[in-house]
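Notes to accompany the following structure.
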Amino acid sequence: MLDYQKLAELLFPHVTALPEDMEAAFPKRELPEGAKVTRFAPSPTGFVHFGGLFPTTVAERLAHQSGGVLYLRIEDTDAKREVPGAAEGLIKTLATYGIEFDEGAVIGEDGCICDKGIYGPYKQSLRANIYQTYAKQLVREGKAYPCFTTEEELEELHSIDKKAEIKNTDWQAEAEARRAEMLARRQITMEEVEENLAKGNPFVLRILADGDPEKKIKFTDLVKGNMEIPENDEDFVLLKSDGIPTYHFAHAVDDHLMGTTHVIRGEEWLPSLAKHLQLFRYLGFKTPKYMHIAQIMRLDENGNKKKLSKRDMGANMDDYTRLGYCPEAVCEYVMTLLNSNYEEWRMQNPDKSYKDFPFNIKKMSSSGCLFDFNKLNDVSKNVISTMSADDVTDKVTSWALKFDEDFGKLLASDREFAKQIFAIGRGGKKPRKDLATWADAKSYMGFFYDEIFALEDSYDEKYDRADIKATLEGFLKSFDVSDDSNVWFDKIKAVGEALGYTPNMKEYKADPTAFKGNIADISMFIRVAVTGKLNSPDMYSVMQILGRDRVVARIENMINSL
RNA sequence: GGCCCGUUGGUCAAGCGGCUAAGACACCGCCCUUUCACGGCGGUAACGGGAGUUCGAUUCUCCCACGGGUCACCA
């Protein structure tokens, strides 16, 4: 039997604080009944991806909907993987998706990350003394012990050392080796500890696991429901040799001290839940509520679902920006995936912010869903269709200035002109839905600009060139931009009728053989000349915006080319 | 391989012992319409398999299959 008190002093001579000092330094939060405290706790190793935005949106909604607190904690416990500037990027990206933190690591006025709130520091690398205080206590209580086996030695003992080779692992042998090794580790004597310490050998602190995997813990996850998980019997690492905690230990200590009520994270954490529960128990902490959110999936080349990973299209939130999706649309899509009754609510409340939606944990799906660009596009079209022409103009312009500079400059050169274009068919109960992304704008309305205008579509062979020419000439002869739309259209009808193309669609449908064609054909002749395309928004509006000179010039060009 | 989670149409999903098994996206057709877009109407399409429990199972239980996740001094 080791003298734990002595061991604790040997291991952590510099740690003088006690757990109660920490409890005093991090007082319980005083929040109204039912208020939830949630957090986003990323490791600063890269960008925010869709799979990360997902649970974070849940955390944000739950906190703010309940009058609680959402805070950001940076889990930079692995210096090797840290990417400079990643944390700043994460915060900014999240902000564009409506995720604002009340507390934690925030970007200060100087553009650098600073702490806001009294539960800091919010960077785990700065909290070593806090973790070590609890670590020391665990040693005192005989719940943790030092392990001087180096990483290299460990690797030799294990048949797995690299993720890539995991498929070739002999799991049986692995488990046995592990077991034996763990038992041996536990036999460490005070003499060995002193000897190693004297040599300056590094150590990790391991938990002394008391679990029996044959026994199950009953547990209720707020989204997964009831489940049974085997108790933990693995002496996992609490403190790495640099004195910095692993995720598990930091999670328990921080979420306790910072008063997290709901731990919201991806379901990939489910397998280590037993460790966390054990840790909370060892430390005498009340366990928070857990919500393990199903993963977003993608289809691999074999048609199987796979977790959406960083490299996949649609994973990096910056992809959406680049592709021209507006954040509102992405949020909207996320909400439809998160709560099955969201779309229904949206239909009844078309003008409200998604933040007014009563988010319901019970309406969350427990199985992973496939990312669907079709659906995103549809949602996005709806979102954009309700925006004002001013909004759309500004948003398309600023997007284009960044990702399609020439086009952006065109739009910016005459904002009023651009705005008139985007105003076509906007407003009213049945707005046009042409744009799913800002990138769609160019193909939709680029033809308005002579710099971009091109004959994308051509007349079908079946149409008599002479008729086309006659239509265009006839149209030009009577064209007057100041005509109202009825007069304007009547003139077109007259031109067509003279050529044997009936203006009466009903008549035409009743007996197509009686006519050369109809008003649709005539309109098309003009449309192609003016817009270069078979399809366009309302042609009268187009001509009004284009103005007399451009309309005439384009038609004359077409006549000359026929 | 052990453990955990999951499985309703192509996708997202409602359902919570008795229903012709909702709805949305996508797809197809029709209508409206000068094209497109919008809108309207309609259509194709689903409970992974097998045992139980039950008068009756998509719904409850078990087994199997399949899919996913995880097994680090990474989070």
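All figures in this text were calculated on a predicted structure; none of them were measured in a lab. Here is how names work: the chains are called A, B, and so on, in the same order as the sequence lines, proteins then strands, and each is numbered from 1.
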Worksheet item: Under 4.0 angstrom, heavy atoms only, what part of the nucleic acid is A/Glu151 near: base, sugar-phosphate, or nothing?
Response: base

Worksheet item: Who pairs with A/Glu456 by side-chain hydrogen bond (donor to acceptor under 3.5 Å, both in side chains), at least two apart in sequence or on another chain?
Response: none

Item to complete: Would you mind reading off the distance between A/Arg426 atom CZ and B/A37 atom P, rounded to a whole angstrom?
Response: 16 Å

Worksheet item: On RNA chain B, nearest-nucleotide positions of A/Asp78 versus A/Lys307: which is more 5'?
Response: A/Lys307

Practice prompt. Using the six-membered ring wherever Trp is involved, compare the ring planes of A/Phe371 and A/Phe373 and label them parallel, tilted or perpendicular (cut-offs 30° and 60°).
Written response: perpendicular

Item to complete: Would you please classify the geometry between the A/Phe50 ring and the A/Tyr333 ring as parallel, tilted or perpendicular, with 30° and 60° separating the classes?
Response: tilted

Practice prompt. Look at all strands and tell whether A/Thr150 reaches a base, only sugar-phosphate, or nothing, counting heavy atoms closer than 4.0 Å.
Written response: base

Discussion item. What's A/Val237 touching, base or sugar-phosphate or nothing? Going by heavy atoms closer than 4.0 Å.
Written reply: sugar-phosphate

Hey, what are the protein-to-nucleotides 39-48 of chain B N/O distances that come in under 3.5 Å?
{"unit_1": "B/G39", "atom_1": "OP1", "unit_2": "A/Lys433", "atom_2": "NZ", "d": "2.9"}

Item to complete: Using a heavy-atom cut-off of under 4.0 Å over every strand shown, decide if A/Ser241 touches base, sugar-phosphate, or nothing.
Response: base

Fill in: Partner residues of A/Asn382 under the side-chain hydrogen bond (donor to acceptor under 3.5 Å, both in side chains) criterion, sequence neighbours left out
A/Lys433

Practice prompt. Return the set of residues passing side-chain hydrogen bond (donor to acceptor under 3.5 Å, both in side chains) with A/Asp212 (not counting sequence neighbours), or none when no residue passes.
Written response: none

Fill in: Validation row, ring centre A/Phe525 to ring centre A/Tyr463 under 6.0 Å
yes

Worksheet entry | Strand RNA chain B as a dot-bracket string - pairs counted if Watson-Crick or G-U with both distances under 3.5 Å, | where the partner lies in another strand | ((((((((.[[[..)..(....]]].(((((.......)))))....[[[[[..)....]]]]])))))))....

Worksheet item: Between the base of B/C12 and the side chain of A/Thr336, is there any donor-acceptor pair under 3.5 Å?
Response: no

Fill in: B/S/- contact track for nucleotides 57-63 of chain B, protein heavy atom under 4.0 Å
-------

Practice prompt. Assign A/Thr45 to base, sugar-phosphate, or nothing according to its heavy-atom contacts below 4.0 angstrom with the strands shown.
Written response: nothing

Worksheet entry | A/Lys381: side-chain hydrogen bond (donor to acceptor under 3.5 Å, both in side chains) partners, not counting sequence neighbours | none

Item to complete: Scan nucleotides 28-36 of chain B nucleotide by nucleotide, 5' to 3', and note B when protein non-hydrogen atoms come under 4.0 Å of the base, S if they reach only the sugar-phosphate, - if neither.
Response: -----BBBB

Worksheet item: Once you round it to whole Å, what is the distance between P of B/C73 and CZ of A/Arg81?
Response: 14 Å

Discussion item. Tell me every residue that passes ring pair (Phe, Tyr, Trp, His ring centres under 6.0 Å) with A/Phe489, counting only those two or more places apart in sequence or in another chain.
Written reply: none

Discussion item. What's A/Arg206 touching, base or sugar-phosphate or nothing? Going by heavy atoms closer than 4.0 Å.
Written reply: sugar-phosphate

Fill in: Results of ring pair (Phe, Tyr, Trp, His ring centres under 6.0 Å) for A/His276 - residues two or more places apart only
A/Tyr247, A/His248, A/His251

Fill in: Phosphate-side-chain proximity, A/Thr246 and B/C73, N/O vs OP1/OP2 below 4.0 Å
no

Practice prompt. For A/Tyr333 and B/A24, give me the distance from atom OH to atom P, rounded to whole Å.
Written response: 17 Å

All N/O pairs under 3.5 Å across the protein-nucleotides 4-9 of chain B interface:
{"unit_1": "B/C4", "atom_1": "OP1", "unit_2": "A/Lys216", "atom_2": "NZ", "d": "3.2"}
{"unit_1": "B/C5", "atom_1": "O2'", "unit_2": "A/Lys224", "atom_2": "NZ", "d": "2.7"}

Item to complete: Say whether, by atom type as modelled, one donor and one acceptor occur between the side chain of A/Lys224 and the main chain of A/Ser366 under 3.5 angstrom.
Response: yes

Fill in: Residue closer to the 5' end of RNA chain B, A/Lys306 versus A/Pro202 (nearest nucleotide)
A/Lys306

Worksheet entry | Separation of atom CD in A/Glu332 from atom P in B/C25, rounded to whole Å | 13 Å

Worksheet item: Which nucleotide sits closest to the side chain of A/Asp372: B/G23, B/C25, B/G68?
Response: B/C25

Response to the item:
Residues passing the ring pair (Phe, Tyr, Trp, His ring centres under 6.0 Å) test with A/Phe448, sequence neighbours excluded, are none

